[in-house]
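Working notes for the structure below.
Order of the sequence lines fixes the chain letters, A, B, ..., with proteins taken first and strands second; residue numbering starts at 1 for each chain. Predicted model only: the values in this text are computed from it and were never measured.
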There are 2 protein chains.
Amino acid sequence: MRILIVEDSEDVAAAITAALGRAGMACDRAAGAREAQDYLAAETYDVVVLDIHLPDGDGRTILSDLRRAGSRTPVLMLTAELEVSSRVNALDAGADDYLVKPFDLRELEARVRVLGRRGDSAGSARISVGDLEFDQAARTVRIAGAAVALTRREVSLLGLLVARRDRIIAKEQILERLFSMDEDVGLNTVELYVARLRKKLAASSVSIVTHRGLGYQLTAPDG
Amino acid sequence: MRILIVEDSEDVAAAITAALGRAGMACDRAAGAREAQDYLAAETYDVVVLDIHLPDGDGRTILSDLRRAGSRTPVLMLTAELEVSSRVNALDAGADDYLVKPFDLRELEARVRVLGRRGDSAGSARISVGDLEFDQAARTVRIAGAAVALTRREVSLLGLLVARRDRIIAKEQILERLFSMDEDVGLNTVELYVARLRKKLAASSVSIVTHRGLGYQLTAPDG
DNA sequence: TCGGCGATGACAGGTTCGTGACAGGTTTGG
DNA sequence: CCAAACCTGTCACGAACCTGTCATCGCCGA
């Protein structure tokens with residue numbers, strides 16, 4: 001899951017990045033309105049976390065520009081004000097959700113996850129494919145009921161594959177969803193994690209199929 | 001378990017904090033309505049103890065705001081009035097329980113504990129995992145029938161783990177549930193208590209598994 | 001058969017955890 | 001009221017583990 005955080009405060013941005021990163025989301029951070037516009041033009045994000053107050057502009061402007069451009073990317077607004085008016089403003093401008101500062105990081109994480117799921121058609125937090133059960137919230141994986149130990153990155157990768165089962169995902173897409181911008185990582189890394197995941201899922205009925213030049217695909221027999 | 005106490009009287013608040021603290025609950029205190037709103041926006045609580053009479057507003061207002069915002073956090077109201085009307089008011093506004101002042105602190109503790117359990121899916125006050133029995137009310141732990149001496153913090157930690165057995169709990173989550181706002185404690189402390197708990201539970205069949213970068217998980221063989 | 005993409009073992013670096021020792025604070029018991 | 005015992009949280013250091021790069025080899029498709 002790829003997240004853009006638009007927030008001028010260094011500390012707040014770092015805290016959000018850390019929390020979401022721990023939840024397996026790849027976060028890019030823009031410190032201002034202009035930077036945010038650039039990122040949004042260059043990349044596709046699953047969710048945008050947008051501070052309403054920015055040094056070089058208003059978050060609502062970014063939001064309405066984004067919507068005018070036809071983007072439906074879910075946006076969660078951060079507002080410092082408690083007034084009803086500002087939250088009505090935010091929702092009117094096209095935000096999907098809002099949080100009032102100061103907020104609980106876990107709540108932010110939960111809401112971001114909810115928004116991120118909106119994009120996928122997969123609704124539930126617990127998904128089964130073949131004899132494999134994937135619990136997104138608990139970040140646990142079971143094969144025929146038996147727990148499998150995965151690392152953070154492996155869980156993230158499996159989450160991607162499970163969310164788009166039977167569909168082919170390009171390696172570049174996986175890279176983008178797994179790593180943030182400032183993690184300069186080679187494409188080979190994706191192959192590596194696919195290999196590691198395959199090894200750990202060897203006992204399962206699902207398998208990760210390679211499509212040369214296209215990407216990877218998670219499949220289950222009869223599925 | 002994380003508790004918010006909204007009470008203007010210094011003495012009463014201190015007494016409640018002490019009593020609940022002794023029972024292993026991490027308590028924050030808000031002296032007024034405004035402060036309460038801020039806390040509620042910033043943190044997630046397992047239970048809110050809410051005085052109906054506040055210097056800068058009515059507790060029922062806070063409550064109905066909270067419910068309108070979609071929160072299901074259990075709320076226990078404190079009321080000085082004996083009339084039926086006020087208790088109906090409280091429950092109508094969305095309170096889960098109420099107590100009439102003056103009240104017995106032990107009764108308050110018991111009711112708060114009951115409300116706290118509502119949030120976890122774990123219904124009973126006595127839970128067993130493997131050969132381990134955990135009694136939340138008495139705060140006692142037994143391994144195959146033999147009592148184990150745990151400190152307050154150790155019991156709280158174990159309670160968290162037991163309530164979410166088999167699920168992975170992030171270290172940050174544990175920290176938030178174990179300590180209140182004004183206890184500024186490092187993440188390392190969680191690791192420490194996990195270590196201490198492991199030592200004391202060495203004789204048990206359950207074990208606390210570390211998932212690097214993800215959190216801890218309580219497991220029992222065959223289950 | 002050839003070119004190139006993907007798979008995989010080995011490894012170094014960095015991060016996260018585990019744990020003993022210690023100091024401050026609190027409770028307990030006399 | 002004092003002292004002893006105990007609970008608490010910090011620090012520091014070492015160990016374990018995760019991560020990503022490299023290099024090599026296999027395998028697919030043309």
Side-chain angles (χ1 to χ4, degrees), chain A residues 14 17-19 21-24 26 139 141 148-158 161 168-202 207-218, chain B residues 14 17-19 21-26 139 141 148-158 161 168-202 207-217:
Chain A
T17 303
R22 186 168 290 278
R139 298 188 79 68
V141 175
V148 183
L150 297 185
T151 72
R152 195 157 32 122
R153 288 264 136 96
E154 288 165 355
V155 172
S156 297
L157 172 58
L158 182 59
L161 291 166
I168 297 175
I169 315 177
K171 223 174 350 190
E172 288 80 1
Q173 260 181 54
I174 295 177
L175 198 71
E176 278 185 15
R177 292 280 174 284
L178 230 49
F179 302 93
S180 69
M181 233 165 202
D182 45 84
E183 297 174 287
D184 203 8
V185 164
L187 261 181
N188 178 255
T189 306
V190 174
E191 293 160 14
L192 213 186
Y193 276 104
V194 169
R196 284 176 177 161
L197 203 50
R198 275 180 177 146
K199 198 172 289 178
K200 292 199 178 178
L201 300 186
S207 57
I208 303 171
V209 182
T210 304
H211 294 266
R212 295 202 148 234
L214 293 173
Y216 296 99
Q217 177 194 33
L218 187 81
Chain B
T17 302
R22 221 187 308 278
M25 307 176 188
R139 298 187 73 70
V141 175
V148 183
L150 296 186
T151 72
R152 189 162 40 111
R153 289 266 136 98
E154 288 164 355
V155 172
S156 297
L157 171 58
L158 183 59
L161 291 166
I168 297 174
I169 315 177
K171 223 169 358 186
E172 287 81 357
Q173 267 182 48
I174 295 176
L175 198 71
E176 285 181 18
R177 284 288 170 274
L178 231 48
F179 302 92
S180 69
M181 234 167 200
D182 44 81
E183 299 174 287
D184 203 8
V185 164
L187 264 180
N188 179 257
T189 306
V190 174
E191 294 161 16
L192 212 178
Y193 277 104
V194 168
R196 286 174 178 162
L197 202 51
R198 274 180 178 145
K199 201 171 287 178
K200 294 198 177 177
L201 300 186
S207 59
I208 303 172
V209 182
T210 303
H211 295 265
R212 285 191 165 246
L214 293 171
Y216 296 100
Q217 177 192 35

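Nearest to the side-chain atoms of A/Asn188 among the listed nucleotides D/dG9, D/dG20, D/dA23 stands D/dA23. The nucleotide whose nearest atom lies closest to any side-chain atom of A/Arg152 is, among D/dT21, C/dT8, D/dT19, D/dT19.
In this structure, B/Ile208 places its CD1 atom 15 Å from C1' of C/dT19, rounding to the nearest Å. To the nearest angstrom, C1' of D/dG20 lies 11 Å from CG of A/Leu175. Regarding A/Lys200, its NZ atom lies at a distance of 15 Å from the P atom of C/dT8, rounded to whole Å. Here C/dG18 presents its P atom at 16 Å from OH of B/Tyr193, a figure rounded to the nearest Å. The distance between atom CD of B/Gln217 and atom P of C/dC17, rounded to the nearest whole Å, is 14 Å. The distance from atom CD of A/Glu191 to atom C1' of C/dG4 is 12 Å, rounded to the nearest whole Å. Residue A/Asp182 contributes atom CG, which lies 15 Å from atom C1' of D/dG20 at whole-angstrom precision. One interatomic measurement links the two molecules: CD1 of B/Ile174 to P of C/dC17, which rounds to 11 Å at whole-angstrom precision.
Two residues, A/Gly215 and B/Leu192, neighbour DNA chain C, and the one matched to the more 5' nucleotide by heavy-atom proximity is A/Gly215. If you find the closest nucleotide of DNA chain D to B/Glu154 and to A/Glu183, the one lying nearer the 5' end belongs to B/Glu154.
The side chain of A/Thr210 contributes no N or O atom lying less than 4.0 Å from OP1 or OP2 of C/dC5. Using a 4.0 Å cut-off, some side-chain N or O of B/Tyr216 falls inside it from OP1 or OP2 of C/dG18. Regarding contacts with the backbone of D/dG20, a side-chain N or O of A/Arg153 is found under 4.0 angstrom from either OP1 or OP2. In this structure, B/Thr189 does not reach the D/dT8 phosphate: none of its side-chain N or O atoms is under 4.0 Å from OP1 or OP2. In terms of phosphate contacts, B/Lys199 brings a side-chain nitrogen or oxygen within less than 4.0 Å of OP1 or OP2 of C/dG20. Side-chain N/O atoms of B/Thr151 include none lying less than 4.0 angstrom from OP1 or OP2 on D/dC6. Remark: B/Lys171 is in phosphate contact with C/dC17, judged by side-chain N or O atoms under 4.0 Å from OP1 or OP2.
In terms of modelled atom types and a separation under 3.5 Å, the side chain of B/Ser156 and the main chain of B/Leu178 share no donor-acceptor contact.
Side chains of A/Leu161 and A/Leu197 form a contact here, defined as non-hydrogen atoms less than 4.5 Å apart.
Around the CG atom of A/Asp182, the shell of radius 6.0 Å holds more than 12 heavy atoms that belong to other residues, nucleotides or ligands.
At a cut-off of 3.5 angstrom, the base of D/dG20 holds at least one donor-acceptor pair with the side chain of A/Arg196. The base of D/dC18 has none of its N or O atoms less than 3.5 Å from a complementary donor or acceptor on the side chain of B/Arg212.
Among the heavy atoms of the strands, none lies under 4.0 Å from B/Arg22.
Here the options are B/Leu187, B/Val190, B/Thr189, the test is side-chain contact (heavy atoms from CB on, under 4.5 Å), and the partner is B/Ile174; only B/Val190 passes.
Separating the CD atom in A/Glu191 from the OH atom in A/Tyr216 is a distance of 4.5 Å, to the nearest 0.5 Å.
For B/Glu154 and B/Arg196, the salt-bridge test fails: no basic side-chain N is under 4.0 Å from an acidic carboxylate O.
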